[in-house]
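As structure tokens, the structure follows; a few thoughts come after it.
Note that ligands are numbered from 1 as they come in the structure, with each ligand's atoms numbered from 1 the same way.
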Amino acid sequence: MSVLVMKFGGTSVANLDRIRRAAKRVGVEVAKGHNVIVIVSAMAGRTNELVGWVEETSPLFDAREYDAVVSSGENVTAGLMALTLQEMGVPARSWQGWQVPLQTSSAHSSARIESIPTDNINAKFGEGMQVAVVAGFQGISPEGRITTLGRGGSDTTAVAFAAAFDAVRCDIYTDVDGVYTTDPRICEKARKLDRIAFEEMLELASLGAKVLQTRSVELAMRFGVRLRVLSSFEEQSDNAGTLVCAEEDIMESNVVAGVAHSRDEAKLTLISVADRPGIAALIFSSLSEAGVNVDMIVQNISEEGRTDMTFSCPTNQVARAEQALDKAKEAEILNYREVIADTGVAKVSVVGIGMRSHTGVAAKMFKALSDEGINIKVITTSEIKISVLIDRKYTELAVQSLHDAFELEKAV
Ligand code: ASP
Ligand code: MG
């Protein structure tokens, strides 16, 4: 029998009434003849509350106990979902991560999934159970401790189950009705996409679009899991929402699929570092040892053997980055004049697989920004995206003008 994975996010299970609505939707799929694996998040706001309790109790908390606490939100919704289905006459039971067991690495609070045995759940399907409700976001480490997969991790749980059970599809129910060309709260012309390629979704997710956890898209791409993002608040037809799928399954698309933005960016410049082999390695190994996630990197042309090095990182890591660079300077590992931090920047990116075969995308993007008088501070590109750092106060304007310039309101 075919297996369908359905994942319900926090707002879709925010109270008993919503759990009932979600369960009804599960019932519809069961009636179509699927065995269903339901992955649930914690009720909306619950994980934040649990994290808050941990931080208040112990600011430098033991990550194993953090996971023990924050994973509990999903246990509640899994049990309630199973009960609701049973009340509807649908044979269902719940599983916590360790019961499956969903095995993960020991990296508490950001563990990686290592394996999902299918025998246990399949045996129950064989006995007539129709729905397995699994608590998302959690697993068990080789040491037998409860782990969590990082915020937003139940998306990743869902995709991993879809891959393990060779599911026909993985439906992600959320509070938006799909993936948009850009954030509709910023740009009213944003258009819902019927389909988007894995690569594009991966870039958009990692560049700041918040619909799916980046790792879930990575996993879907690797295992060819057809992912559908749709709203649990609207009546659904079979082709509702957005399908995230292989490039080959998309007939024709715009050169640019979407515009992403992230406000949580800072730019740091090291003034006057020596321009010789090994210096970049020293700078960025000091930063990575300090746990700084460096994103963009630009090196200036040098003058008299010295150069400036600019990089970006999340705003909340600026202090840590400065500290690491100071330390390296004190230890005489690095020699630079000063570090200048600009914490008022944002990153705006255009993404599209069409860029591989079309030229002129960068020119059009830079022209649109300059027409608005927006200065570009740093540029990076990959095969399918162009990102720029700009003053944060221009974020909305930049997104809107890029959306207009690439005519994303129009489908091809
Ligand atoms: N409840 C967890 C969170 O809020 C996991 C999830 O919902 O995906 O991050
Ligand atoms: Mg989520």
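- Not a single N or O atom of Lys7, backbone or side chain, sits closer than 3.5 Å to an N or O atom of ligand 1.
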Indicate every side-chain donor-acceptor pair of residues 119-134 with a distance under 3.5 Å to a residue at least two apart or in another chain.
| unit_1 | atom_1 | unit_2 | atom_2 | d |
| --- | --- | --- | --- | --- |
| Asn120 | ND2 | Gln99 | O | 3.1 |
| Asn120 | ND2 | Val100 | O | 3.4 |

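- Across Ile116 and Phe165, no two heavy atoms sit closer than the pair CG2-CE1, 4.4 Å.
- The closest protein non-hydrogen atom to atom 8 (O) of ligand 1 is Ser154 OG, 2.5 Å.
- Closest heavy-atom approach to atom 5 (C) of ligand 1 among the candidates Met43, Arg151, Glu74: Glu74.
- Heavy-atom contacts of Ser41 reach the following atoms of ligand 1: 6 (C), 7 (O), 8 (O) (cutoff under 4.0 Å).
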Exercise. Apply the test salt bridge (charged side-chain N to carboxylate O under 4.0 Å, His left out) to residues Asp171 and Arg25: give CA-CA distance (whole Å), side-chain angles for both, the deciding distance (0.1 Å), then the verdict.
Key: CA-CA 11 Å; Asp171 286 347; Arg25 189 141 286 163; over 6 Å; no
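- Where the criterion is an N or O separation shorter than 3.5 Å, residue side chain and backbone included, Gly152 meets it with respect to ligand 1.
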Quiz item: What do the steps show when you test Val350 against Met355 for side chain to side chain contact (heavy atoms under 4.5 Å, CB included), and what is the final call?
Solution: CA-CA 10 Å; Val350 299; Met355 278 184 216; 3.7 Å; yes
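- For Gly10, the heavy-atom gap to ligand 1 stays at 4.0 angstrom or more.
- Evaluation of the salt bridge (charged side-chain N to carboxylate O under 4.0 Å, His left out) rule for Arg263 yields Glu396 as partners, not counting sequence neighbours.
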